[in-house]
Visitor: 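Just passing along the structure, written as structure tokens.
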Amino acid sequence: MSGPVPYARRLLEALLFAADSPVSMRELAKHLPDGTDLEAHLAALAADYAERGIQLVRSGDSWSFVTAPDLAAALAAEAGERKLSRAAMETLAIIAYHQPITRAEIEDLRGVQLSGGTLDLLFAQGWIATRGRRETPGRPVLWGTTDEFLRAFSLERLSDLPSPEDLKAAGLLQPQAAPETAPAGEE
Amino acid sequence: MSGPVPYARRLLEALLFAADSPVSMRELAKHLPDGTDLEAHLAALAADYAERGIQLVRSGDSWSFVTAPDLAAALAAEAGERKLSRAAMETLAIIAYHQPITRAEIEDLRGVQLSGGTLDLLFAQGWIATRGRRETPGRPVLWGTTDEFLRAFSLERLSDLPSPEDLKAAGLLQPQAAPETAPAGEE
Amino acid sequence: MTASLDRADIGVEGATDRSPPPPAEGADPFIVAIDGYEGPLDLLLALARDQKVDLLQISIQALADQYLGFIRRAQFAEIEFAAEYLVMAAWLAYLKSRLLLPAADPTEAADGEEMAAALQARLAQLDVMQAAAAALRLRPRLGVHFFPRGAATAQEPRPAPGPVRADLSGLIAAYAAVLKARAQRQPLTLEAGDWASIEQAIARIRRSLGDAPGWESLMRYLPAETMALLREGRLAGRSQLAATLAATLELAKEGVLALRQARPFGPIFVKALRTAQEPE
């Protein structure tokens with residue numbers, strides 16, 4: 001690594017490295033002199049690691065080091081992939097796109113009742129959390145996604161989720177997508 | 001960090017980062033192609049980090065990343081936040097849901113005695129406060145949560161907490177531990 | 001370090017990922033599998049995709065026919081599982097009749113069109129969410145494609161105790177744990193009746209004491225059925241054993257008999273000290 005590294009960047013590096021979970025900007029700021037440009041230092045630190053085997057990632061308001069995704073195969077020798085059911089993934093996507101959302105609304109969107117374990121599984125992973133209640137009769141609990149969800153799916157922020165247009169462009173909404181441009185019956 | 005980093009060095013970096021204890025040379029060699037000059041790569045990696053906030057250190061035959069020694073004071077100074085213990089979290093949850101409540105009632109709900117420090121800790125955080133006394137023999141002190149508790153847990157009001165029925169509906173009260181994976185087609 | 005969606009990340013193979021398997025071609029072509037579908041709306045969406053037109057332009061009549069045909073040939077393992085599919089079938093049949101039959105009242109015809117449009121919108125919405133789920137699945141995932149720090153290690157000294165960290169999810173999970181543990185705690189319950197009384201045991205021992213000289217096993221003074229009860233793990237057996245032991249202790253205090261146990265948990269022996277047939 002080239003040249004002297006500013007003290008603030010070294011300290012951030014050590015703080016993020018020594019933490020057992022993502023560290024919030026608020027927490028990081030506490031350790032640095034007032035007036036430090038935290039965003040700039042974090043951006044510089046992320047750039048330092050861009051090509052390394054470890055990367056600095058942002059998830060919502062928090063930052064953490066993780067291993068580079070392209071090394072997965074070499075690292076994952078022991079880690080077996082946890083396969084998530086379709087029900088769980090669809091429920092998670094619905095919560096991510098429609099938050100805050102009630103259980104009944106999720107069921108309505110999917111046209112099927114949620115089995116007991118689905119929200120439980122997503123909650124246990126730390127991917128969803130309650131977000132108060134909807135002020136309607138029965139005051140149902142609202143669910144939303146967490147920063148841990150962003151981190152787990154390598155998203156910086158919710159707005160990084162692909163829009164319906166992005167999904168179409170990526171071919172995930174074929175073949176009925178975009179009838180204006182694609183003649184009907186095209187594969 | 002400057003220039004392209006060799007694959008072996010990136011992989012070593014990731015392996016050492018993701019390990020939960022120092023990794024032996026023998027273990028590291030397993031992940032690298034045969035004939036890789038492990039010593040040379042580790043020496044280069046250690047040099048990469050020489051001026052950073054993290055350092056690669058050798059202890060006997062094993063290697064690990066640690067924070068730079070000169071940062072120890074700065075890291076300790078403002079003291080990383082500690083995670084609340086399970087006992088304390090459960091106690092806080094019981095107070096939040098059942099307030100005002102006496103210590104004996106908390107112990108009854110948890111089925112175990114409260115250790116001396118638990119209420120003190122929650123009180124020191126400003127999350128609980130006394131709420132008078134119960135007019136029963138012994139006049140035990142009653143505990144409740146504070147506005148500071150609401151702020152710390154981003155709740156607008158106590159009634160935003162999901163009710164036991166909500167928890168049950170979300171599957172959080174199922175007796176077995178949350179499954180890591182959901183069977184396909186669970187709905 | 002961008003985490004925005006890379007198109008390369010969500011290749012076309014993702015499109016297959018979200019679709020349930022096509023109706024299985026089993027031995028009997030008139031029976032179709034319903035297992036792969038997440039409810040009636042999911043089945044309807046899969047059928048709609050076969051029309052290969054925009055979901056908002058889809059022919060609801062054709063879709064209703066497809067669905068009804070599918071349900072007619074479907075095999076349901078469980079009746080409650082079938083119910084939700086059948087409710088949808090009934091609704092679609094109704095919708096179809098609304099769309100087909102000339103309505104006596106023009107507002108009725110409009111209602112049919114509205115219901116069809118609402119269904120198209122619902123299908124389009126679910127379609128987007130299924131695509132979103134597929135896109136999520138294709139993203140690099142923590143613990144699968146990349147990994148967190150294995151262990152949090154700072155150089156000594158360890159951080160001094162400071163503020164504690166906790167969040168709402170942790171709080172709720174903790175309360176759920178309390179409720180779960182509480183639900184699982186069984187209060188101690190005892191079977192009613194069948195308890196042996198010490199008085200009866202004293203009387204029984206007095207009756208048979210001294211039949212044989214010298215030390216005898218305590219077991220000899222148990223009622224006949226005790227051993228069988230103990231073998232079955234019944235509390236009544238343990239009660240008789242306890243009552244008998246307590247009775248011998250009582251009688252030893254009175255000087256009627258002596259007790260001997262060579263080691264902890266070893267066998268207990270009883271010896272008559274004087275004839276005790278008659279109560280004092």
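Note that the structure is a prediction, hence the values are computed from the model and not measured. Numbers restart at 1 for each chain; the letters A, B, ... are given by sequence-line order, proteins then strands.
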Visitor: Nearest 0.5 Å please: distance from the OG atom of Ser85(A) over to the CD atom of Glu38(C).
Guide: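 With rounding to 0.5 Å, OG (Ser85(A)) is 6.5 Å from CD (Glu38(C)).
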
Visitor: Heavy atoms, side chains only, cut-off 4.5 Å: are Leu168(C) and Thr130(A) in contact?
Guide: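 Yes, at least one pair of side-chain atoms sits under 4.5 Å.
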
Visitor: Report yes if some heavy atom in the side chain of Ile172(C) is under 4.5 Å from a heavy atom in the side chain of Phe123(A); otherwise report no.
Guide: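 Ile172(C) vs Phe123(A): side chains touch.
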
Visitor: Counting heavy-atom pairs closer than 4.5 Å to chain A, which one of Gly39(C), Ser169(C), Gly170(C) comes out on top?
Guide: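 Looking at each option in turn, the highest pair count goes to Ser169(C).
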
Visitor: Would you say that Phe149(A) contacts Leu136(C) through its side chain, given a criterion of any heavy-atom pair below 4.5 Å between the two side chains?
Guide: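 Yes; the side chains approach each other to less than 4.5 Å.
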
Visitor: Rounded at 0.5 Å granularity, tell me how far CG in Leu142(C) sits from OG in Ser59(A).
Guide: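 Going from CG on Leu142(C) over to OG on Ser59(A), the span is 9.0 Å.
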
Visitor: So Arg110(A) and Met129(C), do their side chains get closer than 4.5 Å, heavy atoms only?
Guide: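 Not touching, per the 4.5 Å side-chain cut-off.
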
Visitor: Considering non-hydrogen atoms only, spot the tightest contact between Arg141(C) and Phe153(A) and give its length.
Guide: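 Smallest interatomic distance, heavy atoms only, reads CD-CE2, 3.3 Å.
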
Visitor: Is it the side chain or the backbone of Ala68(A) that comes within 4.5 Å of chain C heavy atoms, both, or neither?
Guide: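 Contact with chain C is through the backbone of Ala68(A) alone.
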
Visitor: What distance separates Asp127(C) CG from Lys168(A) NZ, expressed to the nearest 0.5 Å?
Guide: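 The CG atom of Asp127(C) sits 9.5 Å away from the NZ atom of Lys168(A).
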
Visitor: Could you pull out the closest heavy-atom pair between Arg122(C) and Gly111(A), with the gap in Å?
Guide: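 Shortest heavy-atom separation between Arg122(C) and Gly111(A) comes out as NH2-CA, 3.7 Å.
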
Visitor: Which of the residues Leu15(A), Ile94(A), Leu92(A), Val66(A) is involved in the greatest number of heavy-atom pairs with chain C at under 4.5 angstrom?
Guide: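 When all of Leu15(A), Ile94(A), Leu92(A), Val66(A) are compared, Val66(A) has the most.
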
Visitor: If we define contacts as heavy-atom pairs under 4.5 Å, which of Ile128(A), Asp108(A), Asp70(A) has the most with chain C?
Guide: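 The candidate making the most pairs under 4.5 Å is Asp108(A).
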
Visitor: Less than 4.5 Å apart, any side-chain heavy atom of Leu126(C) and any of Leu109(A)?
Guide: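 No; the side chains remain at least 4.5 Å from each other.
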
Visitor: What part of Leu150(A) lies closer than 4.5 angstrom to a heavy atom of chain C: side chain, backbone, both or neither?
Guide: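 Answer is neither: Leu150(A) stays 4.5 Å or more from chain C.
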
Visitor: Measure the shortest side-chain to side-chain distance between Arg86(A) and Gln130(C) over non-hydrogen atoms and say whether it is less than 4.5 angstrom.
Guide: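 Answer yes - side chains close enough.
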
Visitor: Would you name the heavy atoms of Leu167(A) and Ala135(C) that are closest together and state the gap between them?
Guide: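 Distance-wise, the nearest heavy atoms are CD2-CB, 3.7 Å.
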
